[in-house]
Amino acid sequence: MPKPPRTVLLVLFDDVQSLDVTGPLEVFTGAERLAPSSYRMRTASLDGGPVRTSSGLMLVPDLALTSAPDPHTLLVPGGAGTRRPDPALVEWLRARAPGATRLVSVCTGALLLAAAGLLDGRRATTHWAYCDRLARDHPAVTVEPEPIYVRDAHVATSAGVTSGIDLALALVQEDLDRETALTVARHLVVFLRRPGNQAQFSAQLAAQTASREPLREVQRWITEHPEADLSVDALAIRARLSPRHFARAFTAETGTTPGRYVDRVGLEHARRLLEDTSASVEKVARASGYGTPEAMRRAFVKALGTAPAEYRRRFHPVLPR
C-alpha cells in the first residue's frame, strides 16, 4: 500500500517574508511533481484570511490554522511579523506544533518557535542579525550563529531567506532521495545544495573590512592568492608593519586574527574548487594554501565534519546531458 503524502503546512501571518514562504514551497512542490503523492502543500493563517507580506504581496491561504489537522511538517517562516508576534499565533504554536512530525523554521520564524517554548533545550539558528536577540531573550536555547541551518532531532531551524531553500532541499533528500533533491535544485537554478554547517557569511563578509588601506590591501591579497605565503610575517611585510603591530591592528580592525581569516579564506576557496571544478584533491589542496591533501582533509573534518572527497561527492553538481 502506498504511503500517504507528507502534509507540509506553512504558517502565514501579516508582514511575513514572502521568500521564506515561496522558497520552500517551490522546493516541496517541485519534489511532488517528480515524485507524485510525496507531499501535500497547505498554507494557513490564524483565521484563514489573506495576509500581506513585508513586501506588500497579498497571500491567500488555503485554510485557517484553527481548523488545520496536525501536519507531517509544520513550517514557520520569518519576517517583520515575528518581531512583535500575535499572542494568539504563539499560543497556537505552543498548543499544536508538538503534534507535527517535523518542525521547521526559516529565518526569524525561530523567534516564534522560541516564544512558544518549542526550542528550549535545543540547538537552533536564525538570521545572523537576530542571533543575539534569540540568545538573549531565550537563554534555554543554544543559539548557533554560524550555520545556515541546524537540525536537532525533529526540529530544524534555518538562517536568512535563501537558507530556507537549502534546508527544504535537505529535507527532500531525507524524505525521498538525493537525485530528486538535485533535480529540484537544478530546476530552480540552485546549482548546489549548501551543507547546513556552511557559514552564513563568506570569509570576507564575516570579517569587517579594515579601515586602513594597507590592511584592506592585505585582505584583498589573501582572497586573491590563497596559495601564497600567508604567514603573519609575510603579510606584515605587505602591510609595511612589524609582525606584532600588524597582527594587533588586523585583529582590531577586522574582528578576527590573521590566522583565522586565512583559514576561512582557504577553506572557502577549496570548497568552491571542489564544487565547481574537477581538479584533483591534491591540486585543490595546493591552490587553497594547504600544501598537502592530508592538511586539507584535517581542516575539512574539523570545520565541516566531512573529508574533501565526500564533500565533493555530495555537493558537486551532476549536470544533465
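Hydrogens, waters and symmetry mates play no part in the numbers below; they use all other heavy atoms, side chains included.
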A.B. asks: Show your reasoning for whether side chain to side chain contact (heavy atoms under 4.5 Å, CB included) applies to Leu19 and Val106.
C.D. replies: CA-CA 10 Å; Leu19 283 175; Val106 180; over 6 Å; no
A.B. asks: Side-chain contact test, heavy atoms from C-beta onward, threshold under 4.5 Å: evaluate it for Leu89 versus Leu65 and give yes or no.
C.D. replies: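 The answer is yes; the side chains approach within 4.5 Å.
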A.B. asks: Heavy-atom distance under 4.5 Å between the side chains of Asp14 and Asp86, does that happen here?
C.D. replies: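 Answer no - side chains too far apart.
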A.B. asks: Measuring only between side-chain heavy atoms, which start at C-beta, is Leu176 closer than 4.5 Å to Arg6?
C.D. replies: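 Side-chain contact under 4.5 Å: yes.
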A.B. asks: Residues in salt bridge (charged side-chain N to carboxylate O under 4.0 Å, His left out) with Asp70, at least two apart?
C.D. replies: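 Counting only residues at least two positions away or on another chain, Asp70 forms a salt bridge (charged side-chain N to carboxylate O under 4.0 Å, His left out) with Arg96.
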A.B. asks: Between Arg297 (side chain only) and Ala307 (backbone N and O only), is there a donor and an acceptor less than 3.5 Å apart?
C.D. replies: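 Such a contact is absent between Arg297 side chain and Ala307 backbone.
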A.B. asks: Mark yes or no for whether Asp152, through its side chain, and Val155, through its backbone, hold a donor-acceptor pair below 3.5 Å.
C.D. replies: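 No, because the side chain of Asp152 does not come within donor-acceptor range (under 3.5 Å) of the backbone of Val155.
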A.B. asks: What pair of heavy atoms forms the shortest contact from Ala31 to Ser38, and how long is it?
C.D. replies: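 Shortest heavy-atom contact: O-OG, 3.7 Å.
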A.B. asks: With the side chain counted from C-beta on, respond yes when Thr223 and Gln219 share a heavy-atom pair under 4.5 Å apart, and no when they do not.
C.D. replies: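 They are not in contact (no side-chain heavy atoms under 4.5 Å apart), so the answer is no.
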A.B. asks: When rounded to the nearest 0.5 angstrom, what distance separates CZ in Arg84 from CG in Asp15?
C.D. replies: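 Spacing of CZ (Arg84) from CG (Asp15) equals 11.5 Å.
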A.B. asks: Considering all heavy atoms of both residues, which atom of Ala97 and which atom of Leu118 are nearest to each other, and what is their separation?
C.D. replies: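 Closest approach of Ala97 to Leu118: CB-CD1, 3.5 Å.
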A.B. asks: Linking I/L/V/M/F/W/Y whenever their side-chain heavy atoms sit closer than 4.5 Å, directly or via other members, would Leu10 and Val60 fall into one cluster?
C.D. replies: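 No, it is not one cluster - the side chains of Leu10 and Val60 are not joined through contacts under 4.5 Å.
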A.B. asks: Rounded at 0.5 Å granularity, tell me how far CG in Leu59 sits from OG in Ser18.
C.D. replies: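 Answer rounded to 0.5 Å: 7.0 Å.
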A.B. asks: Using 0.5 Å steps for rounding, measure from the CG atom of Leu12 to the OG1 atom of Thr43.
C.D. replies: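 If we round to the nearest 0.5 Å, Leu12:CG and Thr43:OG1 are 5.0 Å apart.
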A.B. asks: Walk me through it: do Thr157 and Thr126 pass the test side chain to side chain contact (heavy atoms under 4.5 Å, CB included)?
C.D. replies: CA-CA 7 Å; Thr157 54; Thr126 187; over 6 Å; no
A.B. asks: Counting heavy atoms not belonging to Asp132, are there more than 12 under 6.0 Å from its CG?
C.D. replies: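 Check fails, neighbour count at 12 or below.
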A.B. asks: Hey, does Leu171 have a side-chain heavy atom less than 4.5 Å from the side chain of Arg151?
C.D. replies: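 Answer yes - side chains close enough.
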A.B. asks: Which atom pair, heavy atoms only, marks the closest approach of Ala110 to Thr125?
C.D. replies: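 Closest approach of Ala110 to Thr125: CB-O, 3.6 Å.
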A.B. asks: List for me each residue that meets salt bridge (charged side-chain N to carboxylate O under 4.0 Å, His left out) alongside Arg94, sequence neighbours excluded, and say none if there are none.
C.D. replies: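 In terms of salt bridge (charged side-chain N to carboxylate O under 4.0 Å, His left out), with neighbours along the sequence ignored, Arg94 is linked to Glu91.
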A.B. asks: Set out, in order, the CA-CA distance, both residues' side-chain angles and the distance that settles side chain to side chain contact (heavy atoms under 4.5 Å, CB included) for Val141 and Asp120, then state yes or no.
C.D. replies: CA-CA 5 Å; Val141 181; Asp120 287 356; 4.2 Å; yes
A.B. asks: Run the salt bridge (Lys or Arg N to Asp or Glu O under 4.0 Å) check on Arg186 and Glu179 step by step: do they pass?
C.D. replies: CA-CA 10 Å; Arg186 288 196 295 265; Glu179 187 56 37; 3.3 Å; yes
A.B. asks: What distance separates Leu230 CG from Trp221 CH2, expressed to the nearest 0.5 Å?
C.D. replies: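 Going from CG on Leu230 over to CH2 on Trp221, the span is 8.5 Å.
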A.B. asks: About how many Å separate CZ of Arg42 and OG1 of Thr7, when rounded to the nearest 0.5 Å?
C.D. replies: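 Rounded to the nearest 0.5 Å, the OG1-CZ separation comes out at 7.5 Å.
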A.B. asks: Restricting to non-hydrogen atoms, name the atom on Val76 and the atom on Val11 that form the minimum distance, rounded to 0.1 Å.
C.D. replies: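 Between these two residues, the closest heavy atoms are CG2-CG2, 4.2 Å.
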A.B. asks: Please determine if Glu268 and Arg271 form a salt bridge, counting it only when a charged side-chain N lies under 4.0 Å from a carboxylate O.
C.D. replies: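 Salt bridge absent between Glu268 and Arg271.
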A.B. asks: Can Asp175 and Arg102 be said to form a salt bridge (Lys or Arg N to Asp or Glu O under 4.0 Å), step by step?
C.D. replies: CA-CA 11 Å; Asp175 294 341; Arg102 186 164 61 197; 2.8 Å; yes
A.B. asks: Could you tell me whether the side chain of Glu26 reaches within less than 4.5 Å of the side chain of Leu188, counting heavy atoms only?
C.D. replies: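 SC-SC contact between Leu188 and Glu26 confirmed.
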A.B. asks: Is there any ring-ring contact (aromatic ring centres under 6.0 Å, His included) pair reaching into residues 33-54, and which pairs are they, with sequence neighbours excluded?
C.D. replies: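 Qualifying pairs: Phe28-Tyr39.
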A.B. asks: Please, which pairs that meet ring-ring contact (aromatic ring centres under 6.0 Å, His included) have at least one residue in residues 276-301, sequence neighbours excluded?
C.D. replies: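 For residues 276-301, and leaving out neighbouring residues, the ring-ring contact (aromatic ring centres under 6.0 Å, His included) pairs sorted by first residue read Phe300-Tyr311.
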A.B. asks: Taking salt bridge (charged side-chain N to carboxylate O under 4.0 Å, His left out) as the definition, give me every residue that meets it alongside Arg83, ordered by chain and number, with sequence neighbours left out.
C.D. replies: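 By the salt bridge (charged side-chain N to carboxylate O under 4.0 Å, His left out) rule, Arg83 matches no residue at all.
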A.B. asks: Without hydrogens or angle criteria, can the side chains of His127 and Thr108 be said to hold a donor-acceptor pair below 3.5 Å?
C.D. replies: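 Absent: no donor and acceptor within the cut-off.
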A.B. asks: Please determine whether the number of non-hydrogen atoms from other residues, nucleotides or ligands lying under 6.0 Å from atom CZ of Arg122 exceeds 12.
C.D. replies: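 Count over threshold, so yes.
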A.B. asks: Are Val301 and Leu274 linked, directly or through intermediate hydrophobic residues, by side-chain heavy-atom contacts shorter than 4.5 Å (ILVMFWY only)?
C.D. replies: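 Different clusters: Leu274 never reaches Val301 through Ile, Leu, Val, Met, Phe, Trp or Tyr contacts under 4.5 Å.
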A.B. asks: Tell me, do Thr251 and Pro258 make a side-chain contact under 4.5 Å, heavy atoms counted?
C.D. replies: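 Of all side-chain heavy-atom pairs linking Pro258 with Thr251, at least one is under 4.5 Å.
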A.B. asks: Drop me the distance from Asp20's CG to Ser158's OG, to the nearest 0.5 angstrom.
C.D. replies: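 Reported value, rounded in 0.5 Å steps: 7.5 Å.
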A.B. asks: Can a donor-acceptor pair be found between the side chains of Ser55 and Thr53 at a distance below 3.5 Å?
C.D. replies: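 A donor-acceptor contact under 3.5 Å links the two side chains.
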A.B. asks: Do Thr162 and Ile148 have side chains that approach each other closer than 4.5 Å (heavy atoms only, starting at C-beta)?
C.D. replies: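 Thr162 vs Ile148: side chains apart.
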A.B. asks: Answer yes or no: is there a donor N or O on one side and an acceptor on the other, between the side chain of Glu32 and the main chain of Ser37, under 3.5 Å?
C.D. replies: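 Pair found, side chain donor or acceptor close to backbone of Ser37.
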A.B. asks: Heavy atoms only: give me the nearest Val284-Met296 pair and the separation to one decimal.
C.D. replies: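 So the two residues come closest at CG1-SD, 3.8 Å.
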A.B. asks: Specify the closest pair of heavy atoms between Pro226 and Ala287, including all atoms of both residues, with the distance to one decimal.
C.D. replies: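 Nearest heavy atoms, Pro226 then Ala287: CG-O, 3.6 Å.
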A.B. asks: Run the side chain to side chain contact (heavy atoms under 4.5 Å, CB included) check on Ile222 and Tyr261 step by step: do they pass?
C.D. replies: CA-CA 9 Å; Ile222 293 170; Tyr261 188 82; 3.8 Å; yes
A.B. asks: For residues 233-246, which side-chain donor-acceptor pairs fall under 3.5 Å, sequence neighbours excluded?
C.D. replies:
unit_1, atom_1, unit_2, atom_2, d
Arg238, NH2, Glu217, OE2, 3.4
Ser242, OG, His245, N, 3.1

